[in-house]
Amino acid sequence: MNTQWPIITELDKQRVLECLEEGRLWRGNAKYIFEFEKSFSELHGVDFCLSVTNGTHALELALESLGIGSGDEVLIPAYTFISTATAVLIRNAIPIPVEVCEDTYCINPLRIEEQITSKTKAIIPVHIAGHACDMDEIMKIAGKHNLYIIEDCAHAHGSVYKEKPLGSFGDVGTFSFQASKVMTAGEGGAFITKSKEVWEKASLIFNCGRPMGATYDHLLLSSNYRMSELQAALLLGQIDRLKKQIETRNSNTQFLNKCVKNIDGIRPQQRKEYATVQGYSMYMFRYQKEYFNNLPREMFINYLIDNGIPAFKTYPIFFETSLFDNLKEKYTQFHHYNRDIQYSSDDFPISKKISEEVVWIPHYYLFHDQIDLERTAQIIRKFVEVYD
């Protein structure tokens, strides 16, 4: 079975070659960067877009553009990739975990307000596998408490909540174009917003603290977050292919869900009606080992890989990584921080269970035909039989 990703067309190659032949490699003499930013902002229903170095930097840029800084608290899902948390730490702010929903793996709006304090400045909902968080409820909470919303859309290119594109609800939406994403240039990211004021602040920050144009008048301490022209050349054509690819993933996800429906111990990520378009940046399901003679998830994953199915275990709870050991001693923002933070997985049993059980299969596997997908379910059943 062919699982090659990314898909690179002849037109993609022509754009890259054109950049090389004409010496257009960076934003200073770019063509495709600006075409990409226009098209990507239109795709997500906003006015402004900046193409940046990666999704992690997009989050950092969002936080800095909104003025999040030392001692501020930012609410993030307990179950998320580490960058959602480290971007907050980089700003000398404090990531505060919130429990997630058992079925969608997204932040649970019913658990947000219990974590809000006078220091809370923002919420970062993460649209896991392109499934929309419950943005109506999250926006109500943000409005009630005067909080910023930064949508982490690393998984959610082209995904939609109630007919409105993800990334367009909050103050900023951030995206990743890392190699495994549904749009990719190997690395890269995007920052989108409806606010001209936020975009102007971000434009200054991401350009070494200087205004756009030929000037060396640096107005603030900052870094370089600019994407290259070659990356934009690779990404531009992928916008046109995204809708059709999402339709294929949706159709094949529904089919695969039916195939595994009656396999005890295999529970695919559920989808709510409000997730009107889910990009399925990965196919996620829970492997409940008690139905498989308590055989470890790693053994199951290796079995899938041995049978030609690319599979991976999911992220841990973000604060269970070594980075968060002795956090107060390591990071200066905690030295004068009065709130006693006790990061404990006991307080987040759903996130803990998800981190221990979820297996994911890359999105490009969902481009296979239904015969291959039926075979996937058969392989899983054989694992039950072999080790029963």
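Here the structure is a predicted model, which is why all the values come from computation and not from measurement.
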Just by distance, do the side chain of [X] and the backbone of [Y] share a donor-acceptor pair under 3.5 Å?
{"X": "Asn207", "Y": "Ser203", "value": "no"}
{"X": "Tyr287", "Y": "Val358", "value": "no"}
{"X": "Asn252", "Y": "Leu366", "value": "yes"}
{"X": "Gln178", "Y": "Gly55", "value": "no"}
{"X": "Thr376", "Y": "Asp372", "value": "yes"}
{"X": "Asn54", "Y": "Thr56", "value": "yes"}
{"X": "Asn257", "Y": "Cys259", "value": "no"}
{"X": "Tyr161", "Y": "Asp136", "value": "yes"}
{"X": "Glu64", "Y": "Ile205", "value": "no"}
{"X": "Asn250", "Y": "Gln278", "value": "yes"}

Test salt bridge (charged side-chain N to carboxylate O under 4.0 Å, His left out) on Lys330 and Asp325; report intermediate values, then the result.
CA-CA 8 Å; Lys330 287 180 181 177; Asp325 294 343; 5.5 Å; no

Would you say [X] and [Y] make side-chain contact, with heavy atoms under 4.5 Å?
{"X": "Phe300", "Y": "Leu295", "result": "no"}
{"X": "Thr321", "Y": "Pro316", "result": "yes"}
{"X": "Leu20", "Y": "Leu230", "result": "yes"}
{"X": "Gln269", "Y": "Ile128", "result": "yes"}
{"X": "Ile76", "Y": "Ile96", "result": "no"}

Is the shortest side-chain N to carboxylate O distance from [X] to [Y] below 4.0 Å?
{"X": "Asp12", "Y": "Arg241", "result": "yes"}
{"X": "Glu356", "Y": "Lys352", "result": "yes"}
{"X": "Lys13", "Y": "Glu10", "result": "yes"}
{"X": "Glu18", "Y": "Lys31", "result": "yes"}
{"X": "Glu102", "Y": "Arg286", "result": "yes"}
{"X": "Lys272", "Y": "Asp134", "result": "no"}

Taking all non-hydrogen atoms of both residues into account, name the closest pair between [X] and [Y] and its distance.
{"X": "Thr193", "Y": "Phe191", "result": "CG2-CE2, 3.9 Å"}
{"X": "Ala202", "Y": "Leu61", "result": "O-CD1, 3.7 Å"}
{"X": "Gln115", "Y": "Thr120", "result": "O-OG1, 3.9 Å"}

Got a sec, which residues hit side chain to side chain contact (heavy atoms under 4.5 Å, CB included) with Lys194, two or more places apart in sequence or on another chain?
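Lys194 satisfies side chain to side chain contact (heavy atoms under 4.5 Å, CB included) with Val46 only.
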
Apply side chain to side chain contact (heavy atoms under 4.5 Å, CB included) to Pro362 and list each qualifying residue two or more places apart in sequence or on a separate chain.
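Scan of Pro362 (side chain to side chain contact (heavy atoms under 4.5 Å, CB included), adjacent residues dropped) gives Pro310, Phe312, Trp360, Tyr364.
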
Report yes or no: is the cationic atom of [X] (NZ for Lys, CZ for Arg) closer than 6.0 Å to the six-membered ring centre of [Y], at no more than 45° off its axis?
{"X": "Arg249", "Y": "Phe367", "answer": "no"}
{"X": "Lys164", "Y": "Phe169", "answer": "yes"}
{"X": "Arg226", "Y": "Phe206", "answer": "no"}

Ring pair (Phe, Tyr, Trp, His ring centres under 6.0 Å) contacts in which one or both residues fall within residues 62-103, not counting sequence neighbours
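Those involving residues 62-103 are Tyr79-Tyr315, Phe81-Tyr315.
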
Tell me, which pairs form a ring pair (Phe, Tyr, Trp, His ring centres under 6.0 Å) where one or both residues lie in residues 91-129, sequence neighbours left out?
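Sorted result for residues 91-129: empty, none.
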
Applying side chain to side chain donor-acceptor pair (under 3.5 Å), run through Gln245 and Thr248 and close with a yes or a no.
CA-CA 5 Å; Gln245 290 176 349; Thr248 299; over 6 Å; no

Please round to the nearest 0.5 Å and tell me the distance separating atom CD1 of Ile246 and atom OG of Ser159.
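Between Ile246 CD1 and Ser159 OG, I get 5.5 Å after rounding to 0.5 Å.
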
Thr117: side-chain hydrogen bond (donor to acceptor under 3.5 Å, both in side chains) partners, not counting sequence neighbours
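Thr117: side-chain hydrogen bond (donor to acceptor under 3.5 Å, both in side chains) contacts with Glu73.
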
Using side chain to side chain contact (heavy atoms under 4.5 Å, CB included), reason through Met227 and Thr53 one step at a time and then give a plain yes or no.
CA-CA 5 Å; Met227 178 188 285; Thr53 38; over 6 Å; no

Ring centroids only, cut at 6.0 angstrom: are [X] and [Y] within range, meaning strictly under it?
{"X": "His363", "Y": "Tyr280", "answer": "no"}
{"X": "Phe319", "Y": "Phe324", "answer": "no"}
{"X": "Tyr365", "Y": "Tyr283", "answer": "no"}
{"X": "Phe348", "Y": "Phe318", "answer": "no"}
{"X": "Phe177", "Y": "Phe40", "answer": "yes"}

With sequence neighbours left out, write down each residue that passes salt bridge (Lys or Arg N to Asp or Glu O under 4.0 Å) with Arg27, or none if nothing qualifies.
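Applying salt bridge (Lys or Arg N to Asp or Glu O under 4.0 Å) to Arg27 gives Glu37.
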
Candidate list Leu66, Asp171, Val126, test side chain to side chain contact (heavy atoms under 4.5 Å, CB included), partner Ile150, passing option
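So, applying the side chain to side chain contact (heavy atoms under 4.5 Å, CB included) to Ile150 and each of Leu66, Asp171, Val126, only Leu66 qualifies.
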
Group every Ile, Leu, Val, Met, Phe, Trp and Tyr by side-chain heavy-atom contacts under 4.5 Å, then state whether Leu75 and Leu110 land in the same group.
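Per the 4.5 Å side-chain linkage, Leu75 and Leu110 are not co-clustered.
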
Does atom CD of Glu197 have more than 12 heavy-atom neighbours from other groups under 6.0 Å away?
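No, CD of Glu197 has 12 or fewer neighbouring heavy atoms, counting only those of other groups under 6.0 Å.
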
Test side chain to side chain contact (heavy atoms under 4.5 Å, CB included) on Ile107 and Thr80; report intermediate values, then the result.
CA-CA 9 Å; Ile107 193 169; Thr80 184; over 6 Å; no

May I have the step-by-step check of side chain to side chain contact (heavy atoms under 4.5 Å, CB included) for Ile192 and Asp47, ending in yes or no?
CA-CA 8 Å; Ile192 66 172; Asp47 295 322; over 6 Å; no

Derivation and outcome, side chain to side chain donor-acceptor pair (under 3.5 Å), residues Glu151 and Thr174
CA-CA 6 Å; Glu151 293 178 71; Thr174 66; over 6 Å; no

Could you walk me through whether His157 and Phe175 pass side chain to side chain contact (heavy atoms under 4.5 Å, CB included), step by step?
CA-CA 7 Å; His157 317 68; Phe175 295 79; 3.9 Å; yes

